[in-house]
Amino acid sequence: MTQNRLSISDPIRTNDIMRKYKLRAKKSLGQNFLTSEKVLDDIVDASQLQPDEIAIEIGPGIGALTEKLAQVAEHVYAFEIDENLIPVLHDTLSYYDNIDVINQDILDVDLDKFVKDHDLEGKTIKVVANLPYYITTPIMLNLINSDYPFKALVLMMQKEVAQRITAKPGHREYGSLTIGVQTRMATRIDRIVGKNSFIPRPKVDSAVVVLERLDHENEGITDLKYFNKLIRSAFAQKRKSLMNNLLNWQGRNDDTRAKLKQVFTDCGIEDNARAEQLSIEQFKKMATELQATFKK
Ligand code: SAM
């Protein structure tokens, strides 16, 4: 059924669709359409979607990734904010009966409610998307912190953000975003994608990131709110030492300094350490010790 048509991502077909519907990619909505079949196939491979699994796509654009997902998943739910693209998608995806296109801003969608309303509880759901880059972080954090445990997220994003969320301790990119993500998900960069794989060409290079839910999310964190506060405070001023950042948080006086020094010693952390040198495990231990010490 699909053999005789060019894929939507084929540059000839993408340009034809854009001409037919007089489409001009909207920069304000981060519209950069993928025109590399190889990249799309790699994204779908990375998702390892199975025929009984559900895909949620954010920002289907003109449907290049959507059609590939529909070829492997049981069903695809695709959220697109731009109402001008809805009739285009109905046309380009008309060959598939397992796709629902939903005209909504993904940041307004209550995904937990969506899953319940569509009887998807218990299903393996994966989110696969070439994200609109202007809202990569809020979209990703919503997905990670959602009550529904999405099994995997395969997300194309700007390379620089990808490096931050996959960073290891000791690297420049390691920071509060890294830790916020890696306490719940295992992360890796699947591949880097150059600017020429899109119409129009974006200004930055991109990367496909695979995020897989950890079996024991947030294990070892006794109070998540407190842990998050510690992380925010520890990285508040990246040039300063961890001690200085924590003094700013807890109050700069001799008593606090002495208590902090004791916690540092107990956690095996040097007095002059910087936040980016600590592993997530060290931050977890530190959060528990700090909370106990400062409650006294
Ligand atoms: N998936 C297509 C592809 O790979 O060619 C298009 C990807 S394009 C980078 C991002 C898409 O997200 C655009 O279609 C844009 O209109 C859509 N979008 C932007 N902001 C959105 C939002 N808040 N909610 C849902 N879709 C959004």
Side-chain angles (χ1 to χ4, degrees), residues 6-18 21 23-47 49 55-73 76-93 96 99-111 114 126-143 146 153-162 190-191 193-209:
L6 285 176
S7 297
I8 297 170
S9 63
D10 189 287
I12 296 175
R13 182 129 184 253
T14 293
N15 279 319
D16 277 352
I17 294 168
M18 293 186 72
Y21 287 95
L23 290 177
R24 288 184 53 201
K26 292 184 183 128
K27 246 189 180 169
S28 61
L29 292 179
Q31 292 181 352
N32 299 97
F33 303 123
L34 257 171
T35 53
S36 163
E37 185 122 29
K38 170 83 176 86
V39 172
L40 284 162
D41 288 339
D42 286 353
I43 293 175
V44 176
D45 282 352
S47 76
L49 268 165
I56 290 184
E57 188 189 0
I58 296 158
I62 58 172
L65 177 58
T66 327
E67 77 169 346
K68 298 267 179 196
L69 296 173
Q71 287 162 10
V72 293
V76 184
Y77 295 95
F79 293 93
E80 175 55 62
I81 196 173
D82 185 354
E83 63 181 351
N84 292 331
L85 292 177
I86 305 304
V88 183
L89 286 162
H90 283 146
D91 177 9
T92 58
L93 301 173
Y96 301 91
I99 300 174
D100 278 323
V101 173
I102 302 146
N103 184 201
Q104 229 182 320
D105 179 341
I106 190 64
L107 293 178
D108 291 340
V109 179
D110 178 343
L111 283 167
F114 182 86
K126 295 173 175 170
V127 181
V128 188
N130 171 16
L131 290 176
Y133 293 174
Y134 72 108
I135 42 171
T136 299
T137 309
I139 292 177
M140 191 175 56
L141 292 180
N142 275 359
L143 292 168
S146 144
L153 315 176
V154 179
L155 306 175
M156 170 102 80
M157 60 185 72
Q158 55 275 52
K159 189 170 120 189
E160 183 237 327
V161 180
D190 184 69
R191 60 164 293 163
V193 181
K195 301 171 187 140
N196 288 334
S197 295
F198 304 85
I199 293 179
R201 266 168 59 109
K203 287 210 173 74
V204 293
D205 282 331
S206 306
V208 177
V209 181

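Just follow the structure's listing: the first ligand is 1, and inside any ligand the first atom is 1.
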Work out whether the distance between some heavy atom of [X] and some atom of ligand 1 is less than 4.0 Å.
{"X": "Tyr134", "result": "yes"}
{"X": "Met156", "result": "no"}
{"X": "Leu131", "result": "yes"}

Less than 4.5 Å apart, side chain to side chain, heavy atoms only: is that true for [X] and [Y]?
{"X": "Ser7", "Y": "Lys68", "answer": "yes"}
{"X": "Asn32", "Y": "Arg201", "answer": "no"}
{"X": "Val72", "Y": "Val44", "answer": "yes"}

Report, in ascending order of atom number, the atoms of ligand 1 lying under 4.0 Å from any heavy atom of [X].
{"X": "Phe33", "value": "5 (O), 6 (C)"}
{"X": "Glu57", "value": "1 (N)"}
{"X": "Glu80", "value": "13 (C), 14 (O), 15 (C), 16 (O), 17 (C), 26 (N)"}
{"X": "Asn32", "value": "7 (C), 8 (S), 9 (C)"}
{"X": "Gln31", "value": "13 (C), 15 (C), 16 (O)"}

Applying a 4.0 Å heavy-atom criterion (strictly less than), which segment of [X] is in contact with ligand 1: side chain, backbone, both, or neither?
{"X": "Ile135", "answer": "side chain"}
{"X": "Lys26", "answer": "neither"}
{"X": "Phe198", "answer": "neither"}
{"X": "Pro60", "answer": "backbone"}
{"X": "Phe79", "answer": "backbone"}

Kindly give the heavy-atom pair with the smallest separation between [X] and [Y], and that separation in Å.
{"X": "Tyr96", "Y": "Gln71", "value": "OH-NE2, 2.8 Å"}
{"X": "Gln31", "Y": "Arg24", "value": "OE1-O, 4.2 Å"}
{"X": "Leu65", "Y": "Ala129", "value": "CD2-CA, 4.0 Å"}
{"X": "Leu89", "Y": "Pro60", "value": "CD1-CG, 3.7 Å"}

* To do: Scan Ile106, Thr137, Ile135, Leu107 and name whichever one has a side chain to side chain contact (heavy atoms under 4.5 Å, CB included) with Asn142.
  => Leu107
* Asked: Does Ile106, backbone or side chain, put an N or O under 3.5 Å from an N or O of ligand 1?
  -> yes
* To do: Using distance alone, decide if ligand 1 has a nitrogen or oxygen within less than 3.5 Å of any nitrogen or oxygen in Ile62.
  => no
* From the candidates Ile8, Leu40, Ile81, the one that places a heavy atom nearest atom 18 (N) of ligand 1 -> Ile81
* Give a yes or no answer on whether the side chain of Ser206 reaches the backbone of Gly194 with a donor-acceptor pair at less than 3.5 Å. => no
* With distance as the sole test, does Thr92 use its side chain to make a donor-acceptor pair with the main-chain N or O of Ile62 at under 3.5 Å? -> yes
